[in-house]
Colleague: 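What follows is a structure written as C-alpha cells; I'll ask about it next.
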There are 2 protein chains.
Amino acid sequence: MKVTINDVAKLAGVSMKTVSRVINKEPSVRKKTYDIVMDAVNTLNYQPNLAARNLAGTSSFTVGLVYDNPNAYYVIDMQNGVLSRCKEEGYELVIHPCNYLDGNMEEDFKTMIKRSRLAGLVLTPPLSEQNSIIDMLDEMGIHYVRVLSGRPTEENQDTCIYVNDYAAAYEITAHLLSLGHKNIGFLCGDKEHKSTTERLEGYQAALKDHSIPLHDALIYEGQYSFESGVEGAKALLGENNPKNITALLGGNDEMAAGALFASRLMGIEIPQQLSITGFEDSPFSRQTWPKLTTAHQANDVISQHAARLLFRKTRGARNQDKDIITTFTPSLVVRESSGPTSA
Amino acid sequence: MKVTINDVAKLAGVSMKTVSRVINKEPSVRKKTYDIVMDAVNTLNYQPNLAARNLAGTSSFTVGLVYDNPNAYYVIDMQNGVLSRCKEEGYELVIHPCNYLDGNMEEDFKTMIKRSRLAGLVLTPPLSEQNSIIDMLDEMGIHYVRVLSGRPTEENQDTCIYVNDYAAAYEITAHLLSLGHKNIGFLCGDKEHKSTTERLEGYQAALKDHSIPLHDALIYEGQYSFESGVEGAKALLGENNPKNITALLGGNDEMAAGALFASRLMGIEIPQQLSITGFEDSPFSRQTWPKLTTAHQANDVISQHAARLLFRKTRGARNQDKDIITTFTPSLVVRESSGPTSA
DNA sequence: AGTTAAAATGACAACGCTGTCAATGTTCTA
DNA sequence: TAGAACATTGACAGCGTTGTCATTTTAACT
C-alpha cells in the first residue's frame, strides 16, 4: 500500500540514494539511470514522504505564508498563487494569519518556525513593511520574500516583489484629469501603510504634472474599510460639497464602495455629479452600482512570483528560474463609476 | 539553538520517552514528573518537531482543509476557524483548494494524502456532498468531517456538522410574510447543491404554513453569483413586474447584491417597492445600498467545531470534548433591504 | 594497454520523535 | 511483610528520507 523510496530502488535495481538523487534532480546521475528510476517512480506512483524529507534534509519542503491583511479577496488570491507554485514544486504551505497589534507576534513566529522547520516565508503587506519583523527574520536566518507596495530599489532585488502603486495611482488620477476633473479628492488608507503613501504620491505627482495645485483638505485618511469610505466621502463632500469636488479616488475598492454608499445617502448621482474610482479590482468592484473604475492588481500572479523567488533563494543554484518578474504595476480598468465632469 | 526532546529530557533528568509522554498528555505520568518536565519544556521553550512526530508516530499532526467554494469570505472564515483550533492543539493545516469539475481530483487527493500523511480532512460544501469523494475517503481509511447544509440525521452525528439552511430560510421567509409580502420570489443557487434545496424547502414550508400557494414561476435558478442575481431579478421582475413580486429572497448575499443592482437598473426602489434579502451575512451584505437583511452564518464557529470533531475522531479517547455542537442554524439579521409591503 | 582523474553509485548513519516491551517503583492484599 | 497487581519509567528500534564518504565505473589521458 505505502510506497517508499526503497520500493522504488528495488524495482529500479539501484540504491535508495540514487532514487533520492533522481527525485531531487541532483547532478551526477546517468541519463539511463535517471529514466529507469523515473519509470519505477511512475509505475509505483511513488510520492516522497514530506515528513521524512523535512526531518532528514538540511532544507525543508515547507514554506509559510504570513498575512495580517483583513481583505479576504486579497488573502485568497495570494494564497492560491503561492499554493499553485508549491504544488508544482512539491512544497507544502503553512498558513499563518496574524495580527500585528497582538504583540506576541514574535513568539508566534518562532513557534511556527520551530514546529515546522520552514524553508522560507512569503510576507504580504502591510506586515511585510515592518522592519522589526524583517530584522527578526534576518537574525534567525530565515529566508523570506516580501511583497511590498512601492517602486523598486536597486537593493533587495532578490528579496522583494514590488507592486507599483505609485504608477497606478498616477494613472488613475491622469484618467480623471483627462475627463476634465480638477478638484479631485483622495480617500486614503492609514498613512502608516506604504501602499497609502505610494498611492498618495502618485496622485499628487499626476496633479502636479497637470499643474493642479495640491490641497490637503482634499485628502481624507481612513483605514481601507467600507465604513471609513463612507465617513471620508461625507467629510469631503460635506454639506453641499463646498470644495466643489467632482471626483473621488478611493484608496481601495472598499473605500470606493463606501463612497458610493455615502453618495447615495447624500443624493449624489454617480458618475454624473461625481466620479469615484477604486483600487485593486477586487470582485466587488464589479458588484457595486455603478461598477467601479479601478486599478487591476494581479495578486495571483504576484504571489506566484513571490513563491518562485522564495524557491530560488531556498534552493540556490538548483533552480534555473532566471526570469522572475519582481515589479508589477496595476493597470487601469475603466468602468461606469467615472465619467466626464459636468462642473 | 535548536532544542530537541533530548535536551528537555536531560534538563528534567528523565528519559526522552517520559518527555514524549508528557507532551502527548499520555496517562501514567506522575504529577510530580509531569511538572518537572513541563518546567524544562518551558525554560527551554521547547517545540516538538512536527516532521519527526509525523514520521515516527502512527497518527499524524497534520490535517487538511479541502474546499471548492469560490466565495473568498466563506473560505477565509472556514480556514481561520480550523486554523485557530489547529494552533491550540499543535496541529498543522494543509490547504487544498480544488475544482470538482477538474476530474483528476481523486489523484490529487491521493497525492496530497501520501505526501503529508494526514490525520484527517475537513470537507466544506459543496464538495462535502459528493458521495464519490466520501466513498473514496472511506475506502482509503481517511478520517474526515463534513460541513453540510441540511437538517441533522440520526446517523453521521460523529462525522458531520450541519448548517440548518432550511430553518434559516424559513425564518427569512416568515420575516417577509410578517411584513405583509405575499408574492415572494426566490433567486436560488444551483439545485445540485444541498444548500439550494434546503433553502428552497424552508422557503416553501414557510409559505405553506401561511397558506400561500407556491408558484414555480417565482423561483429562478442561478449559480450563487452576483451576475446570476442580476439575471434572476431581471427575469422575475421582467417588464413592469407582471407577477407582482414585492419581495425577493436571495439564495446568498451575492445574488441579493445582484438583485439590488438589477433593481437599480430597472428603477425599483428598495425597500419601498421591493424587499430583498440575502443569506450568509458575509461582509458585503453590509456594503450594499441599502444594507442587506440576511441570515447570519457563524462560519468561524462552525469550522472550529468541525476541527474539534476531527481531532476527537483522530485521537479517539484521548480527547474529552464531549460537548461539540454539530448543528448550527443561521439567524435572521434585519437591515434596511426589507420593509413592509406597499402593494 | 596502463594509469589517472572524474563521474556515478552505494553503504550507512543521522534527523527527532513515538511505539514496544522490558525494568523498576509503588500500592495493596492477605 | 511477602507477594501480587498495577503504575511509572526507560532502552532501543524504527519511521522514510538525505548527507557523508567510500567504492565502483567510466572517460581521458600517456
Side-chain angles (χ1 to χ4, degrees), chain A residues 1-10 12-37 40-41 44 46-62 90-92 113-119 314-316 318, chain B residues 1-10 12-37 40-41 44 46-62 90-92 113-119 314-316 318:
Chain A
M1 185 67 230
K2 200 189 294 170
V3 182
T4 76
I5 200 171
N6 262 307
D7 302 321
V8 178
K10 221 165 286 171
V14 298
S15 80
M16 186 166 110
K17 181 69 223 194
T18 298
V19 176
S20 171
R21 288 195 178 93
V22 169
I23 61 174
N24 287 298
K25 300 204 200 324
E26 287 176 32
S28 298
V29 176
R30 200 164 305 164
K31 175 75 170 71
K32 199 175 135 202
T33 315
Y34 181 91
D35 291 339
I36 293 171
V37 171
V41 165
L44 294 178
Y46 168 68
Q47 283 296 332
N49 177 305
L50 254 162
R53 294 178 103 174
N54 282 344
L55 186 58
T58 59
S59 73
S60 105
F61 282 83
T62 305
Y91 277 70
E92 186 175 65
I113 290 164
K114 276 188 203 169
R115 275 225 267 257
S116 357
R117 194 160 48 74
L118 297 178
T314 300
R315 295 186 300 203
R318 268 191 216 172
Chain B
M1 185 68 230
K2 199 189 294 172
V3 182
T4 75
I5 201 172
N6 262 308
D7 302 320
V8 177
K10 222 165 284 171
V14 299
S15 80
M16 183 169 116
K17 180 68 221 193
T18 298
V19 176
S20 170
R21 288 195 179 95
V22 169
I23 62 175
N24 287 297
K25 299 204 199 325
E26 287 175 32
S28 298
V29 176
R30 201 165 304 164
K31 177 76 171 65
K32 201 175 136 199
T33 315
Y34 180 91
D35 290 340
I36 294 172
V37 171
V41 165
L44 294 179
Y46 168 67
Q47 284 295 334
N49 177 303
L50 254 163
R53 294 179 104 174
N54 282 344
L55 187 57
T58 57
S59 72
S60 106
F61 283 82
T62 305
Y91 277 70
E92 188 176 64
I113 290 165
K114 276 188 204 169
R115 274 225 267 259
S116 357
R117 194 158 50 73
L118 297 177
T314 299
R315 296 187 300 203
R318 268 193 217 172

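Please read all numbers here as calculations on a predicted model, not as lab measurements. In the text below, chain A, chain B and the rest are named by the order of the sequence lines, each starting its count at 1.
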Colleague: Check the pair Met16(A) / Lys10(A) against side-chain contact (heavy atoms from CB on, under 4.5 Å), numbers first and verdict last.
Modeller: CA-CA 8 Å; Met16(A) 186 166 110; Lys10(A) 221 165 286 171; over 6 Å; no

Colleague: Could I get the full list of side-chain hydrogen bond (donor to acceptor under 3.5 Å, both in side chains) partners for Lys31(A), not counting sequence neighbours?
Modeller: Asp35(A)

Colleague: So does Asn6(B) get a backbone contact from the side chain of Thr4(B), meaning a donor-acceptor N/O pair under 3.5 Å?
Modeller: yes

Colleague: Can you give me the N/O atom pairs linking the protein to nucleotides 16-18 of chain D at distances under 3.5 Å, or say none if there are none?
Modeller:
| residue | atom | partner | partner atom | Å |
| --- | --- | --- | --- | --- |
| dT17(D) | OP1 | Tyr46(A) | OH | 2.9 |
| dT17(D) | OP1 | Asn49(A) | N | 3.2 |
| dT17(D) | OP2 | Ile5(A) | N | 2.7 |
| dT17(D) | O5' | Tyr46(A) | OH | 3.1 |
| dT18(D) | OP1 | Asn24(A) | OD1 | 3.4 |
| dT18(D) | OP1 | Asn24(A) | ND2 | 2.8 |
| dT18(D) | OP1 | Arg53(A) | NE | 3.1 |
| dT18(D) | OP2 | Ser20(A) | OG | 2.5 |

Colleague: With sequence neighbours excluded, tell me which residues meet side chain to side chain contact (heavy atoms under 4.5 Å, CB included) with Ser60(A).
Modeller: Asn54(A), Thr62(A), Arg117(A), Ala119(A)

Colleague: Please report, rounded to the nearest Å, how far the C1' atom of dC15(D) is from the CG atom of Leu50(A).
Modeller: 15 Å

Colleague: Compute the bend angle of the helix from dA1(C)-dT30(D) to dA30(C)-dT1(D) from the end axes (five pairs per end), rounded to 10°.
Modeller: 30°

Colleague: Test your reading of the model: is there a side-chain donor-acceptor pair from Asn24(A) to the backbone of Glu26(A), 3.5 Å cut-off?
Modeller: no

Colleague: Mind running side-chain contact (heavy atoms from CB on, under 4.5 Å) on Tyr91(A) and Leu50(A) for me, showing each step along the way?
Modeller: CA-CA 8 Å; Tyr91(A) 277 70; Leu50(A) 254 162; over 6 Å; no

Colleague: Using OP1 and OP2 only, check whether a side-chain N or O of Thr33(A) sits under 4.0 Å from dA8(C).
Modeller: no

Colleague: For Lys31(A) and dT25(D), what is the distance between atoms NZ and P respectively, to the nearest whole Å?
Modeller: 23 Å

Colleague: Tell me: CZ of Arg30(B) to C1' of dG10(D), nearest whole Å?
Modeller: 13 Å

Colleague: Would you please confirm or rule out a distance under 4.0 Å between OP1 or OP2 of dG10(C) and any side-chain N or O of Thr18(A)?
Modeller: yes

Colleague: If the condition is side-chain hydrogen bond (donor to acceptor under 3.5 Å, both in side chains), which residues does Arg21(A) pass it with, not counting sequence neighbours?
Modeller: none

Colleague: Side chain to side chain contact (heavy atoms under 4.5 Å, CB included) with Ala12(B): which residues, sequence neighbours excluded?
Modeller: Val14(B), Ile36(B), Val37(B), Ala40(B)

Colleague: What is the distance from OH of Tyr34(A) to C1' of dA7(C), rounded to the nearest Å?
Modeller: 18 Å

